[in-house]
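Scroll down for the structure; my scribbles are underneath it.
Computed from heavy atoms alone, side chains included, the values below leave out hydrogens, waters and symmetry copies.
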Protein chains: 2
Amino acid sequence: MAEINKENTVEKCSEECVHGEIVEKVCSRIPDDEILYDVAELFKVFGDSTRVRIICALFESEMCVCDIAAVLNMTQSAISHQLRVLKQARLVKYRREGKTVYYSLADKHIQTIFNQAFEHIME
Amino acid sequence: MAEINKENTVEKCSEECVHGEIVEKVCSRIPDDEILYDVAELFKVFGDSTRVRIICALFESEMCVCDIAAVLNMTQSAISHQLRVLKQARLVKYRREGKTVYYSLADKHIQTIFNQAFEHIME
DNA sequence: TAAACATATGAACAATCATTCATATGAACA
DNA sequence: TGTTCATATGAATGATTGTTCATATGTTTA
């Protein structure tokens with residue numbers, strides 16, 4: 001328990017109110033910070049309405065950058081920047097056909113995650 | 001199709017490369033912007049490592065604010081601010097017992113969403 | 001090879017947000 | 001009622017990030 005307050009910034013309540021057993025149990029079971037950081041990074045990608053709209057558009061059909069820009073009524077540059085973010089998160093894949101690049105979703109988990117999110121919203 | 005480029009900022013490619021049928025189909029099937037905005041707002045709440053750690057801690061056990069602060073090794077104030085965000089998103093609920101306030105998760109969808117996120121990370 | 005065009009990217013700016021510090025609130029108990 | 005203590009909150013600040021504008025890349029076709 002000593003390492004819980006490393007830097008002597010001990011809260012008043014830490015000696016009175018902390019439930020030692022619970023804190024210890026939770027500390028031992030919670031996933032590593034590194035993993036939780038990655039989870040937050042993934043959700044950060046989902047946490048922008050432009051990217052959400054791109055993903056939902058790609059649920060319907062593979063599309064080129066121009067088509068996505070037309071659907072969202074935004075500039076090609078803005079879409080391209082966001083597709084790069086989605087690509088880096090391995091959420092979309094692409095194929096080139098001449099001058100055109102077609103994007104599609106890369107991960108089967110995305111649909112499940114979004115369905116659950118829709119259900120939470122609707123409650 | 002006229003309403004797709006409302007403001008005469010027609011991209012060059014919009015007359016050459018836009019695939020009209022696909023754009024029209026996707027436009028008609030994609031959920032309303034209002035809903036997609038709400039979805040993004042929900043994911044924005046998940047998109048912070050402190051909040052992710054709080055949520056994962058609460059997967060293990062109901063806890064008071066002090067306990068959560070001890071588990072995450074952060075100040076009571078920082079935790080309290082984040083719990084307010086989670087409360088506003090209806091992701092946590094609380095019960096008061098004397099001076100202590102116990103928080104727990106409010107929504108069954110959260111676990112499913114996080115499980116899928118873990119699976120995406122692990123791939 | 002040169003022009004045309006779909007896409008990508010770098011820099012800059014505005015807006016959003018997590019934490020800190022100080023302080024307020026509200027319940028328990030003397 | 002007054003003190004103690006767990007929790008909540010307002011203001012300020014530093015950091016992150018989405019979009020725009022200008023330009024670069026790379027493929028096609030004349």
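For D:dT19, one of the phosphate oxygens OP1 or OP2 lies less than 4.0 angstrom from a side-chain nitrogen or oxygen of A:Gln82. The phosphate of C:dT20 (OP1 or OP2) has no side-chain N or O of B:Gln76 nearer than 4.0 angstrom. A close approach under 4.0 Å does not occur between any side-chain nitrogen or oxygen of B:Arg96 and OP1 or OP2 of D:dT7. Distances shorter than 4.0 Å separate some side-chain N or O of B:Thr50 from OP1 or OP2 on C:dT19.
Atom NZ in B:Lys87 sits about 11 Å away from atom C1' in D:dT9, given to the nearest Å. What separates CZ of A:Phe43 from C1' of C:dC17 is a distance of 19 Å, to the nearest Å. With rounding to whole Å, A:Met63 atom CE is found 16 Å from C:dT7 atom C1'. Rounded to an integer number of Å, the gap from A:Lys99 NZ to D:dT28 C1' is 5 Å. In this structure, B:Arg95 atom CZ and D:dA6 atom P are separated by 17 Å, rounded to whole Å. Taking atom OH of B:Tyr37 as the reference point, atom C1' of D:dG18 lies 13 Å away to the nearest angstrom. If you take CD1 of B:Ile79 and P of C:dC21, they are 15 Å apart, rounded to a whole angstrom.
Closest to the side chain of B:Cys64, out of D:dT7, C:dT7, D:dT20, is D:dT7. Nearest to the side chain of B:Met74, among C:dT19, D:dC5, C:dT7, sits C:dT19. Across C:dA8, C:dA18, D:dT7, the shortest atom-to-atom separation from the side chain of B:Arg51 is found for C:dA18. Each of D:dT7, D:dT20, D:dG18 was ranked by its minimum atom distance to the side chain of A:Thr75; first place goes to D:dT20.
Counting only distance, with no hydrogens or angles, the side chain of B:Arg51 and the backbone of B:Val45 share a donor-acceptor pair below 3.5 Å.
In terms of position on DNA chain D, the residue among A:Lys44 and A:Glu97 whose nearest nucleotide sits closer to the 5' end is A:Lys44. Checking B:Val101 against A:Ser49, the closest nucleotide of DNA chain D that is more toward the 5' end is the one next to B:Val101.
Geometric assessment of B:Lys44 against the ring of A:Phe43 yields a negative cation-pi assignment under the 6.0 Å and 45° thresholds.
For B:Ser77 against C:dT19, no side-chain N or O and base N or O form a donor-acceptor pair under 3.5 Å.
With a cut-off of 3.5 Å on both pairing distances, the Watson-Crick and G-U wobble pairs of DNA chain C assemble into stems of 3 or more at C:1-30 with D:1-30.
Between B:Asp107 and B:Arg90 there is no salt bridge, since none of the side-chain N atoms of the basic residue sits less than 4.0 Å from a carboxylate O of the acidic one.
Residue contacts for B:Tyr103: at a heavy-atom cut-off of 4.0 Å it reaches the sugar-phosphate backbone alone, with no base atom in range.
Where stacking is scored as ring centres under 5.5 Å apart with planes under 30°, B:His81 does not register as stacked on the base of C:dT19.
A side chain to side chain donor-acceptor pair (under 3.5 Å) with B:Gln116 is found for one member of A:Gln116, A:His109, A:Gln111 and no other, namely A:His109.
In terms of heavy-atom proximity, A:Cys56 sits nearest to B:Pro31 at CB-CD, 4.4 Å.
Taking the six-membered ring for Trp, B:Phe46 and A:Phe46 have ring centres at least 6.0 Å apart. Ring centroid separation for the pair B:His19 and A:Tyr102 comes in under the 6.0 Å cut-off.
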